[in-house]
Amino acid sequence: MRASLIASIQSLITLTAKEIDEINFLFKKKTLKKGEFFLADGQVSQHVGFILKGLMRYYINMDGEDKTYAFAQENNFVCNYESFVPQKPSTKIIQALEDCEMLQISYDDLEIFYKVIGEGERFGRLVINQVFIELLQDLSSFYTDTPEHRYEKFIKKHPDLQQRISQYHIASFVGVKPQSYTKTDFYSKLIY
């Protein structure tokens, strides 16, 4: 199971056998049941996770309404870096949509990772760059694309997730209210 974490890290940097042992020591197993939170509103993000099995969603609660802005699945890192890096309370929520198995590293152990892994800081920079670019693309899409186009992009980017995510969460992600499902052909696609 740890092989997928090592492979993901090695896709960005080179690791020695000793560094692989260090990584295996620093990342700890964690399980979440469907509906449990990796990070709740107001908590300080203490861990970066790597999903081995399962699915999570990122969302905010705005005036009592959930607004989903991202999903994470197997072989994805999961974290709210906006809370994790400065160690401030999170306004974002990360919740398991399925039972999840993951490996996670604490804030303090990540600092050790950066010191003992030769290219550790480079790895951190590359991951943050990827997260930043995806966030900007998603933000831009939310303001410039129609819900229909966002749905088409979602299906193209995540063809395997359509059957794993509820229509409610997909609707939230593309920016429509769930009660609007039957108003157009687009929304009927979400139902069927």
Side-chain angles (χ1 to χ4, degrees), residues 1-12 27 29-41 45 47-62 64-81 90-104 127 130-192:
M1 296 207 91
R2 291 180 180 268
S4 58
L5 169 66
I6 299 302
S8 181
I9 294 171
Q10 285 182 316
S11 72
L12 298 173
F27 278 82
K29 281 185 140 184
K30 170 84 173 172
T31 59
L32 291 174
K33 294 288 184 193
K34 179 179 178 176
E36 288 185 328
F37 296 98
F38 181 73
L39 180 65
D41 188 18
S45 181
H47 296 91
V48 173
F50 180 81
I51 302 173
L52 299 169
K53 180 180 175 220
L55 177 65
M56 296 187 181
R57 74 174 174 132
Y58 290 77
Y59 71 99
I60 58 172
N61 187 292
M62 212 167 131
E65 185 179 338
D66 291 350
K67 306 256 185 196
T68 301
Y69 64 93
F71 298 100
Q73 65 186 87
E74 292 84 3
N75 301 316
N76 288 160
F77 285 95
V78 60
C79 183
N80 177 4
Y81 296 99
S90 177
T91 57
K92 316 293 190 291
I93 303 163
I94 306 173
Q95 181 183 36
L97 293 178
E98 299 174 348
D99 290 348
C100 292
E101 295 175 14
M102 59 194 318
L103 297 169
Q104 66 179 20
V127 169
Q130 288 176 347
V131 169
F132 184 69
I133 289 168
E134 285 180 20
L135 178 65
L136 289 178
Q137 289 171 339
D138 289 344
L139 183 63
S140 176
S141 175
F142 193 79
Y143 285 105
T144 61
D145 295 336
T146 64
E148 292 87 349
H149 192 239
R150 285 176 50 82
Y151 177 72
E152 289 167 6
K153 285 169 67 173
F154 168 78
I155 295 302
K156 188 174 183 178
K157 184 176 179 181
H158 305 288
D160 57 324
L161 291 187
Q162 186 178 14
Q163 301 305 315
R164 294 173 64 186
I165 299 174
S166 74
Q167 297 161 7
Y168 175 85
H169 293 123
I170 294 173
S172 174
F173 178 76
V174 299
V176 296
K177 293 187 184 276
Q179 58 268 34
S180 302
Y181 282 150
T182 58
K183 291 189 177 179
T184 69
D185 290 340
F186 161 72
Y187 302 117
S188 66
K189 288 180 191 175
L190 291 176
I191 295 173
Y192 299 106

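This one's a predicted model, so the numbers in the text were calculated from it and none came from an experiment.
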Do Ser141 and Lys153 come close enough that some side-chain heavy atom pair is under 4.5 Å? yes

Which pairs, with at least one residue in residues 49-62 and sequence neighbours excluded, count as a side chain to side chain donor-acceptor pair (under 3.5 Å)? Arg57-Asp66, Arg57-Thr68, Arg57-Gln95, Arg57-His169, Asn61-Asp66

Roughly how far apart are Thr144 OG1 and Arg150 CZ, rounded to 0.5 Å? 9.0 Å

Say you draw a straight line from CD1 of Ile6 to OG of Ser11; how long is it, rounded to the nearest 0.5 Å? 11.5 Å

Can you tell me how far SG of Cys79 sits from CD of Gln104, rounded to the nearest 0.5 angstrom? 10.5 Å

By ring pair (Phe, Tyr, Trp, His ring centres under 6.0 Å) - contacts of Phe173 (at least two apart): Phe71, Phe154

Report the residues that fulfil side chain to side chain contact (heavy atoms under 4.5 Å, CB included) with Ile155, sequence neighbours left out, ordered by chain and then residue number. Tyr151, Gln162

Please report the C-alpha distance between Ile51 and Val78 in whole Å, then the side-chain angles of each, then the deciding distance to 0.1 Å, and finally whether the side chain to side chain contact (heavy atoms under 4.5 Å, CB included) criterion is met. CA-CA 7 Å; Ile51 302 173; Val78 60; 4.2 Å; yes

Leu5 side chain reached by Phe77 side chain, heavy atoms, under 4.5 Å: yes

Taking all heavy atoms of Gln73 and all of Asp160, pick out the closest pair and write down the distance. NE2-OD2, 3.0 Å

Within 6.0 Å of CZ in Phe132, more than 12 heavy atoms from elsewhere: no

Residues passing the side chain to side chain contact (heavy atoms under 4.5 Å, CB included) test with Gln130, sequence neighbours excluded, are Leu12

Just verifying a value: how many Å separate Thr91 OG1 and Leu39 CG, rounded to the nearest 0.5 Å? 9.5 Å

Taking the side chain as everything from C-beta on, heavy atoms only, tell me whether Phe50 gets closer than 4.5 Å to Asn76. no

Closest non-hydrogen atom pair, Asn80 against Ile94: N-CD1, 3.8 Å

So do the side chains of Phe38 and Met56 get within less than 4.5 Å of each other, counting heavy atoms only? yes

Holding to side chain to side chain donor-acceptor pair (under 3.5 Å), I want the full list of residues that pass it with Asp41, two or more places apart in sequence or in another chain. none

When rounded to the nearest 0.5 Å, the distance separating CG of Leu52 from CZ of Arg2 is 8.5 Å

Side-chain contact, heavy-atom cut-off 4.5 Å: Ser8 with Asn75? no

Distance-only check: which donor-acceptor pairs under 3.5 Å involve side-chain atoms of residues 96-103, not counting sequence neighbours?
| residue | atom | partner | partner atom | Å |
| --- | --- | --- | --- | --- |
| Glu98 | OE1 | Arg164 | NH2 | 2.7 |
| Glu98 | OE2 | Arg164 | NE | 2.9 |
| Asp99 | OD1 | Lys34 | N | 2.8 |

With rounding to the nearest 0.5 angstrom, report the CD to OH distance, Glu134 to Tyr69. 12.5 Å

Heavy-atom check, side chain of Leu55 versus side chain of Ile165, under 4.5 Å: yes

